[in-house]
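One structure below.
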2 protein chains.
Amino acid sequence: MGEPTIRDVARRASVSVASVSRALNGLENVRSETRDRIMAAVTELGYVPNAAARSLSLSRAHAIGVVLPDLHGEFFSECVRGMDREASRRGYLLLLSNMHDDSEQSAMALRAMRGRVDGLLVMAPHIAPASLERALPQALPAVLINAPGEVTSRPGLRIDNRAGVDAMVRHLLDSGYRNIVHVAGPDGNVDAQERAGAFRDAMQRLAPDLPARIMAGDFTEEGGAAAAQEILEGDAPIDAVFAANDMMAIGCLHALRAGGKRVPEDIGVTGFDDVPLARYLDLTTMRVRIADIGARAVARLVDMLDGQGPGDGTELQAPELMARSTTMPRAASSAVPRA
Amino acid sequence: MGEPTIRDVARRASVSVASVSRALNGLENVRSETRDRIMAAVTELGYVPNAAARSLSLSRAHAIGVVLPDLHGEFFSECVRGMDREASRRGYLLLLSNMHDDSEQSAMALRAMRGRVDGLLVMAPHIAPASLERALPQALPAVLINAPGEVTSRPGLRIDNRAGVDAMVRHLLDSGYRNIVHVAGPDGNVDAQERAGAFRDAMQRLAPDLPARIMAGDFTEEGGAAAAQEILEGDAPIDAVFAANDMMAIGCLHALRAGGKRVPEDIGVTGFDDVPLARYLDLTTMRVRIADIGARAVARLVDMLDGQGPGDGTELQAPELMARSTTMPRAASSAVPRA
DNA sequence: TTGTAGGCGTTATCAT
DNA sequence: ATGATAACGCCTACAA
């Protein structure tokens, strides 16, 4: 004899399984005396409904599948944390699965979710939209997180890199910096590309007369240090470095100081992301509330499942400027032209 | 019409559902010609087996429930990361759920997992063993992670705080420090208690003639700074601070340096955990491989589920000494008595 | 208000 | 090798 079933409860309470089901699901049409007998039987037997049977019958699992890439760092942990918060608030469970580079295995992972989840949250920054579209069961509602490109027909959630870069460029100009260089992230990365493109545009728009230099980088601390070295040895009169992420900014910061530069007086340094280390080092950067993105993704998905929200379109999450000590405090009266 | 079922496949391939099931599960007793027809039908229809129906029939879900506390920081993210790695390797899915302080809701969360998971991984550093034992469905195999006390009848996994503290005390003594103070963590925390107790014991055993001072702390950077302040203003000749975690060690480090002390010459500083910031600041500490604990927990649970491992007892995960620049390099010839 | 019975999609046990 | 069919545990018309 395994776990007690609804039948055992019915027998014990001398009622039919239908009544037990009704009582358990809080339907009104059960005499309160009957309900009491049933509840007593439930606790006596330690009965717990079987979720598999339930989802089979209802074709509703009250669970959300989360598909993440293989290498999950800070970003994914944070994101899942936000999802978890919102999901448990809404009474949903989270089912985790990671998407390997191997598209064969990815398909497997997605299959394994069929029947256990009502919808999907997909974090796939490096999967091509087309192959993603192909792998996703089209019957399953899904929200895409930080997916490259807008081409997909699914609702999505993204960091508003453009707005973030804009705010940072504005801050640098307002603080009096004039010769700004952007250290970009790796080519393959969507965020890196967006940030670099947005930098060029922002400079063009906010300070068309100033040069908008862009150097190559790789999102690593060493990459940032290398860029700094190049700046130190070069003859361009750089007075601010805007790195595409915090780790590069930190590498930069150290290398510049080691090279005898005063930060922020001689040269300003800024990053993007606001990782814990950035706050610790008092680095000026753009804070990205990743957990909020995760929470919002769950919220949108659940709304779709409940038939409430329209759910279409890509929603942008605006980063927030954290002006700290690696840039000069904003001058009271600025000569910078506003857009 | 919803998703295609096994019946649709059977119809399309002009065979019975039994044959389809057999073919899909790789049983041998299917003519290869029949199998081909079935597989063709499967791809044509885009059929994917329904996991709920499958678990109902097999009473096996191929999923593992992960129960975490509400406030999950670095520790939990890391742990889940390790679980995820091992689970996907073994063909299991991870079902996340968090255990609120409210024991009512916790019970609910556990109930919701009935039927969808084959076993449980429970991270509950602050739940009393007794109430934990009561909340867990006794029919469900479970592995406890960092649970307080050995009293439970469940197999468990813990950080070997005792071995870690031992190694650190040995390192400090070997490095020539003689007046060591331990800054403890908060009272409620199991790891904090173990570390403090182990410190007392280690000093008693390795250097019975030296004082084994313990100060109160709270695992925060500010707490560490406060302890440092007390040391700076006190008259005890402290030459080493062994904080119960890295954040306190870091707070200490800054406060001591701000107070004019040279580290490691005047005073040594060490932590516990090896958080990313510790490596960054070159802090001597004990590395705890949290992800490995998570992975190992999955491995043990799956072994239990497959009826392989005995699974009993609490397994300890030994931390690793990371000797860095906040302690003096170990003297070639040491006068410290070995145990 | 309560009970009977069919169905949800699979697997497994029988026959054939 | 293949096909019927009874579970698995639950929900829900439909009847009473």
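To find a chain, count down the sequence lines: A is the first, B the second, and so on, and within it residues start at 1.
Using modelled atom types, no side-chain atom of B:Asp160 and backbone atom of B:Leu316 make a donor-acceptor pair closer than 3.5 Å. Side-chain atoms of B:Arg60 never come within 3.5 Å of backbone atoms of B:Ser55 as a donor-acceptor pair (strictly under, hydrogens ignored). A:Asn25 places no side-chain N or O within 3.5 Å of a backbone atom of A:Leu27 that could act as its donor or acceptor partner. Between the side chain of A:Ser57 and the backbone N or O of A:Arg54, no donor-acceptor pair lies under 3.5 Å. Between the side chain of A:Asp306 and the main chain of A:Asp303, no donor-acceptor pair closer than 3.5 Å is present.
Shown here for B:Met39 and B:Ala23, the closest heavy-atom pair between the two residues is CE-O, 3.9 Å. Nearest approach of B:Met113 to B:Leu95, heavy atoms of both residues: CE-O, 3.3 Å.
Spacing between atom CD of B:Glu3 and atom P of C:dT10 amounts to 10 Å, rounded to whole angstrom units. Spacing between atom CZ of A:Arg114 and atom P of C:dG9 amounts to 8 Å, rounded to whole angstrom units. With rounding to whole Å, A:Leu27 atom CG is found 11 Å from C:dT1 atom P.
Counting 5' to 3', DNA chain D first comes under 4.0 angstrom of a heavy atom of chain A and last does so at the ends given by D:dG9 to D:dT12.
Of the residues in residues 29-45 of chain A, A:Asn29, A:Val30, A:Arg31, A:Thr34 come within less than 4.0 Å of DNA chain C through at least one heavy atom, sorted by number. A heavy atom lying under 4.0 Å from DNA chain C marks the following residues of residues 54-66 of chain B, by number: B:Arg54, B:Ser57, B:Leu58.
Inter-residue side-chain proximity for B:Ile145 and B:Val122 is flagged as unmet; no heavy-atom pair is nearer than 4.5 Å.
B:Val20 comes within contact range of no nucleotide atom at all, as no heavy-atom separation falls under 4.0 Å.
A salt bridge links B:Asp292 with B:Arg85; the closest basic N to acidic carboxylate O contact falls under 4.0 Å. Classification of A:Glu315 and A:Arg158 as a salt-bridged pair fails, no side-chain N sitting under 4.0 Å from a carboxylate O.
Put simply, B:Ser21 has a side-chain N or O that comes within less than 4.0 Å of OP1 or OP2 on C:dT11.
Atom CZ of A:Arg7 is surrounded by 12 or fewer heavy atoms from other residues, nucleotides or ligands within 6.0 Å.
Each of B:Asn50 and A:Arg22 lies near DNA chain C, and the nucleotide nearest A:Arg22 is the one positioned closer to the 5' end.
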